[in-house]
Amino acid sequence: MLEKTAGSNETKTYLPSIYSLTLEQLQDWMVEHGEKPFRATQIYEWLYGKRIISFEDMTNIPKSLREKLAEQFTITTLKTLVQQTSKDGTMKFLFELHDGYSIETVLMRHDYGNSICVTTQVGCRIGCTFCASTLGGLKRHLEAGEIVAQVVNVQKALDEQNERVDSIVVMGIGEPFDNYDELIKFLKIVNHPKGLHIGARHITVSTSGIIPKIYQFAEEGMQINFAISLHAPTTELRTKLMPINKAYPLPKLMEAVRYYIEKTGRRVTFEYGLFGGVNDQIEHAEQLSALLKGLKCHVNLIPVNYVPERNYVRTPREQIFAFERTLKKHGINVTIRREQGHDIDAACGQLRAKERKEETR
């Protein structure tokens, strides 16, 4: 695998991550290399049960097989550049990848358990005008194993407290559906009982609205929770906030959502960030209610975190409640997201933008 190193034109050869293989793929690899398929399950136990970082630590695996694995794979490790802890227990990690690029991962603590928000790309090309993740554009996709490694790293931090990752949201830096194949592998690995064994209904994937992939995701047969980053109730306003709306207009997006609901029978969550004086007026709430009428859905209102590189401001508290009341009046299921990490660089991409300016300019 050839990749350029961040900040240079130098190209190096890197071994693929063994975390990128589903159990079935690893079993196939064993057969292709003259090994017994059951070895794959043993290796999964070492990787995800014991969370070792060297093939040499796999003591019940024959030395010859350990050598084969070391020649063809790496066990992805992430270097922690910055670790922030909020007063509410939220932890934000800035990890460095093997090529020098950096990504963010967030651990959030809830009454119902520990949730981790993972990143799928180095940067993002979607260009949402309110998001720090898009600063500097897209550098590269993450390998599935690099997404898995985020969960493993945070789980190791929780191991010290006898806690575990209970749920995952794929809402960090990047557009998950822009890295679709690696995303699906990641979901299968963390969901598998021999992997990290996180239930499908405890995993949520969010998209800004890549319509062809919504149709494809509906056919996957997964019980994964699905969310749409909506942020506007009209085509005109959504285009101003989210340029992706030019390629995938709101009416077509809503057609895809209806198909997904009909195909899967599952509820869709609409993420709606509130930006002061932009999309947070009662008229916007009325328009949103009309747009979502009759859909099996839930609206998650998000009071935005201020991002210095972006000029949006927080909606006043009373206006947030008025917006919520309007949706409820029209029978829309709605909650206001509880703020977390307000005293640290909580907004998506914000810590990376501050610490790694050479990547995000």
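Below, each value reflects all heavy atoms present in this structure, side chains not excepted, and no hydrogens, waters or symmetry copies.
- We find that E24 and K185 are not joined by a salt bridge, their nearest charged nitrogen and carboxylate oxygen being 4.0 Å or further apart.
- E35 is linked by a side-chain contact (heavy atoms from CB on, under 4.5 Å) to M30, L65, K68, counting only residues two or more places apart in sequence or in another chain.
- Applying the salt bridge (charged side-chain N to carboxylate O under 4.0 Å, His left out) definition to pairs two or more places apart or across chains, those involving residues 37-64 are E45-K50, R51-D159, E56-R66, K63-E67.
- Under the salt bridge (charged side-chain N to carboxylate O under 4.0 Å, His left out) criterion, no residue pair touches residues 110-124, with sequence neighbours excluded.
- Each of V154, V169, N153 was checked for a side chain to side chain contact (heavy atoms under 4.5 Å, CB included) with I116, and the lone residue meeting it is V154.
- Residues meeting the side-chain contact (heavy atoms from CB on, under 4.5 Å) test with E283, sequence neighbours left out: Q281, Q287.
- Checked by atom type, the side-chain pair S17/E143 shows no donor-acceptor distance below 3.5 Å.
- In terms of the side-chain contact (heavy atoms from CB on, under 4.5 Å) criterion, residue partners of N114 (sequence neighbours excluded) are, by chain and number, L107, R109, L158, E163, D166.
- Within the structure, every pair that satisfies the side chain to side chain donor-acceptor pair (under 3.5 Å) test and touches residues 247-261, not counting sequence neighbours, is listed here: E219-Y259.
- Geometric assessment of K213 against the ring of Y180 yields a positive cation-pi assignment under the 6.0 Å and 45° thresholds.
- Between Y44 and Y48, the ring planes lie perpendicular to each other; the angle is over 60°, past the 30° to 60° tilted range.
- Inspection of the E175 and T120 side chains reveals no N or O donor paired with an N or O acceptor under 3.5 Å.
- For residues 228-243, no pair satisfies salt bridge (charged side-chain N to carboxylate O under 4.0 Å, His left out), with sequence neighbours left out.
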Using the side chain to side chain donor-acceptor pair (under 3.5 Å) rule, take H192 and T22 through it: C-alpha gap first, then chi angles, then the decisive distance, then the call. CA-CA 9 Å; H192 199 286; T22 65; over 6 Å; no
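- Distance alone, capped at 3.5 Å, places no donor-acceptor pair between the T105 side chain and the F93 backbone.
- Residue pairs meeting the salt bridge (charged side-chain N to carboxylate O under 4.0 Å, His left out) criterion with at least one member in residues 127-138, sequence neighbours excluded, do not occur.
- For I336, the side-chain contact (heavy atoms from CB on, under 4.5 Å) partners two or more places apart in sequence, or in a different chain, are L301, P303, I320, F321, E324.
- The side chain to side chain donor-acceptor pair (under 3.5 Å) pairs that include a residue from residues 266-276 are Q223-R266, N225-R266, E271-N300, E271-R337, where partners are two or more places apart or lie in different chains.
- Using cut-offs of 30° and 60° for the angle between ring planes, the F226 and F177 rings count as parallel.
- For H33, the ring-ring contact (aromatic ring centres under 6.0 Å, His included) partners two or more places apart in sequence, or in a different chain, are W29.
- Listed by chain and residue number, nothing satisfies the side chain to side chain donor-acceptor pair (under 3.5 Å) test with K293 (two or more places apart in sequence, or in another chain).
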